[in-house]
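Naming: A, B, ... by sequence-line order, numbering from 1 per chain. Side-chain atoms are counted along with the backbone in the values below, which use heavy atoms only and exclude waters and symmetry mates.
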Amino acid sequence: MPKPPQAAPLTRVAPHDEAMVEAVIDWFVAEARDLPWRRADCTPWGVLVSEIMLQQTPVARVEPVWREWMLRWPTPAALAESTQADAVRAWGRLGYPRRAQRLWECARVIVERHGGDVPGADPDLGEAELLALPGIGDYTAAAVRAFAFGERAVVLDTNIRRVIGRAWHGQALPAAHLTKRERDFAAALVPEVATEAVAWSAGSMELGALVCTARVARCEECPLATECVWLAAGKPGLEEAPKRTQAWHGSDRQVRGRVLAVLREASAPVNVTGLAVLEDVEPGQLDRCIGSLVDDRLIALVDEQKGAYALG
DNA sequence: AATTCGGGGTC
DNA sequence: GACCCAGAATT
């Protein structure tokens with residue numbers, strides 16, 4: 001293995017750790033899914049769109065929507081020339097429609113500020129330029145730098161956090177909040193050579209998605225099985241789960257979704273408050289949800305006379 | 001640091 | 001039914 005350049009990493013990684021990282025990379029080369037946004041002909045825009053869609057949404061649900069989206073809006077400029085309403089409508093049932101709104105805004109900013117090219121390739125400014133875009137946070141900025149531009153970046157999503165937590169620390173599930181300590185440890189594991197760094201990021205993410213899954217880990221298939229601290233300890237900590245899930249049925253979140261679903265399907269403005277499909281919703285809650293959707297600029301009152309709303 | 005923000009597959 | 005998913009933005 002070639003020696004990395006003089007620039008030493010902040011934290012030295014033991015040969016043992018390097019071997020584990022390489023094991024994940026080798027596994028990924030053999031087992032990676034053939035996803036469209038991983039193909040060599042996928043543009044940075046395609047990668048960016050996939051990353052936004054994949055925020056809190058599984059691959060299986062994203063893939064068909066991503067394909068349609070890329071056929072319709074193959075470039076940031078194409079999306080920027082369309083309307084937010086079209087973007088939200090094409091988003092379909094992926095959830096968190098504010099992502100569609102931000103992606104549309106993101107396309108406009110890319111056109112205005114970056115001449116229509118997705119930023120992020122610059123080794124110095126890339127990170128900051130991406131973080132400045134709507135809907136792009138720490139994870140997505142790093143992911144675009146790595147997967148769209150092949151740069152070394154510290155990609156840290158829920159999958160990678162779980163893999164590192166288990167294999168290196170023996171923890172079943174990552175903590176609710178990312179600490180500097182955890183980030184520093186993850187950063188130290190990222191290989192210095194960019195191509196390997198990208199392979200590690202994609203590979204550890206894929207390992208978390210396919211093998212080292214949250215509920216039932218398939219350790220017999222894992223390339224880290226012989227080294228995994230968590231497996232050696234007998235896979236403790238999965239039973240405890242005082243996470244307190246947020247109620248869904250009847251929540252504002254659900255009602256907002258139902259209102260938006262009506263307006264997505266409609267070809268003309270709709271008086272939402274008089275709708276049969278929303279009869280079971282308390283008037284107060286319905287008004288509150290409509291109000292918050294208006295505040296978010298996801299919908300707008302377009303016919304005051306009729307009290308009719310449409311997608312913003 | 002805690003909340004809010006969708007929706008559906010899976011166990 | 002509870003849980004989980006390539007998180008981000010706001011307070």
Side-chain angles (χ1 to χ4, degrees), chain A residues 28 32-33 35-38 46-66 88 91-103 105-106 130-148 153-164 172-180 186 198 200-210 212-218 238-264 288-289 292-293 295-299:
Chain A
F28 181 63
R33 288 172 291 181
L35 302 173
W37 47 84
R38 282 183 182 159
V47 173
L48 172 51
V49 171
S50 79
E51 292 300 342
I52 302 288
M53 289 185 173
L54 286 163
Q55 290 168 2
Q56 299 289 284
T57 307
V59 166
R61 291 178 53 202
V62 164
E63 191 165 347
V65 180
W66 182 89
V88 171
W91 195 254
R93 305 175 144 278
L94 281 184
Y96 292 143
R98 293 201 287 202
R99 291 183 296 166
Q101 176 184 43
R102 287 172 183 147
L103 183 50
E105 292 172 352
C106 183
L130 285 166
L131 284 172
L133 297 175
I136 296 190
D138 287 337
Y139 162 76
T140 306
V144 170
R145 279 184 53 72
F147 306 141
V154 181
V155 182
L156 208 48
D157 79 320
T158 186
N159 288 306
I160 299 178
R161 293 184 65 204
R162 187 172 56 248
V163 168
I164 294 175
L173 297 170
H177 299 291
L178 185 61
T179 62
K180 182 181 189 315
V198 173
W200 156 250
S201 296
S204 53
M205 200 178 307
E206 187 82 333
L207 188 64
L210 298 182
C212 192
T213 50
R215 305 237 210 126
V216 189
R218 320 169 94 179
L238 274 189
E239 58 286 346
E240 55 168 291
K243 275 204 152 181
R244 261 233 185 265
T245 178
Q246 305 162 351
W248 168 247
H249 186 75
S251 65
D252 279 8
R253 227 142 133 181
Q254 185 192 31
V255 172
R256 279 170 55 107
R258 290 175 63 188
V259 170
L260 210 56
V262 168
L263 298 181
R264 267 203 317 264
R288 182 173 68 246
C289 289
S292 74
L293 286 168
D295 288 344
D296 289 345
R297 298 176 174 274
L298 280 167
I299 70 174

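Judged by distance alone with a 3.5 Å cut-off, no donor-acceptor contact links the side chain of Thr57(A) to the base of dG8(B). In the interface, the side chain of Arg99(A) is not paired with the base of dG7(C) through any donor and acceptor atom under 3.5 Å apart.
Separating the P atom of dT11(C) from that of dG6(B) is a span of 16 Å, rounded to the nearest Å. Only the P atoms considered, dA9(C) is 24 Å distant from dG8(B), to the nearest whole Å. Separation of the P atoms belonging to dT3(B) and dA6(C) is 24 Å when rounded to the nearest angstrom.
Within the 4.0 angstrom heavy-atom criterion, only backbone atoms of the sugar-phosphate kind lie near Thr158(A); the bases stay farther away. Here Trp91(A) lies out of heavy-atom contact (under 4.0 Å) with every strand. Residue Ala143(A) is out of contact with every strand shown, counting any heavy-atom pair closer than 4.0 Å. Counting any heavy atom pair closer than 4.0 Å across all strands shown, Arg38(A) reaches a base atom. Within the 4.0 angstrom heavy-atom criterion, only backbone atoms of the sugar-phosphate kind lie near Thr140(A); the bases stay farther away.
DNA chain B is contacted by both Asp252(A) and Val216(A); Asp252(A) maps to the nucleotide lying nearer its 5′ end (nearest heavy atom per residue). Nearer the 5' end of DNA chain C, as judged by each residue's closest nucleotide, is the contact made by Arg215(A), out of Leu35(A) and Arg215(A). Each of Arg93(A) and His177(A) was matched to the nucleotide of DNA chain B holding its nearest heavy atom; the match closer to the 5' end belongs to His177(A).
Close to dC5(C), at under 4.0 Å from its OP1 or OP2, lies a side-chain N or O of Arg162(A).
In this structure, Arg145(A) contributes its side chain and Leu130(A) its backbone to no donor-acceptor pair below 3.5 Å. Arg99(A) places a side-chain N or O within 3.5 Å of a backbone atom of Met53(A) that can act as its donor or acceptor partner. The main-chain N or O of Ile52(A) is never found under 3.5 Å from a side-chain atom of Arg102(A) such that the two would form a donor-acceptor pair. A donor-acceptor distance shorter than 3.5 angstrom exists from the side chain of Trp91(A) to the backbone of Gly95(A), with no hydrogens or angles considered. Looking at Trp66(A), its side chain never comes within 3.5 Å of a backbone N or O of Val59(A) through a donor-acceptor pair. With Arg98(A) contributing its side chain and Leu298(A) its backbone, the two residues share no donor-acceptor pair below 3.5 Å.
Distance CG (Leu94(A)) to C1' (dC5(C)): 12 Å, rounded to an integer number of Å. Taking atom CD1 of Ile52(A) as the reference point, atom C1' of dG6(B) lies 16 Å away to the nearest angstrom. Following rounding to the nearest Å, Asp296(A) (CG) and dA8(C) (C1') show an atom-to-atom distance of 13 Å. In this structure, Leu210(A) atom CG and dA6(C) atom P are separated by 9 Å, rounded to whole Å. Spacing between atom CD of Gln56(A) and atom C1' of dT4(B) amounts to 12 Å, rounded to whole angstrom units. Protein atom CG of Leu156(A) is 15 Å distant from nucleotide atom C1' of dA8(C), rounded to whole Å. Between the P atom of dG6(B) and the CD atom of Gln55(A) lies a distance of 14 Å, rounded to the nearest Å. Separating the CG atom of Leu54(A) from the P atom of dA8(C) is a distance of 12 Å, rounded to the nearest angstrom.
When the nucleotides dG6(B), dA6(C), dC4(C) are ranked by their closest atom to the side chain of Ala214(A), dC4(C) comes out on top. You'll find that the side chain of Leu173(A) is closest to dC4(C), out of dG7(C), dT4(B), dC4(C). In the set dA6(C), dG7(B), dT4(B), dG7(B) carries the atom at the smallest distance from any side-chain atom of Trp248(A).
The number of heavy atoms from other shown groups lying within 6.0 Å of CZ (Arg288(A)) is above 12. Other residues, nucleotides and ligands place more than 12 heavy atoms under 6.0 Å from the CZ atom of Arg33(A).
Between the side chains of Glu51(A) and Tyr139(A), a donor-acceptor pair is found at a separation under 3.5 Å.
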Polar atom pairs between nucleotides 9-11 of chain C and protein, under 3.5 Å, N or O only, would you list them?
from	atom 1	to	atom 2	distance (Å)
dA9(C)	OP1	Gly135(A)	N	2.7

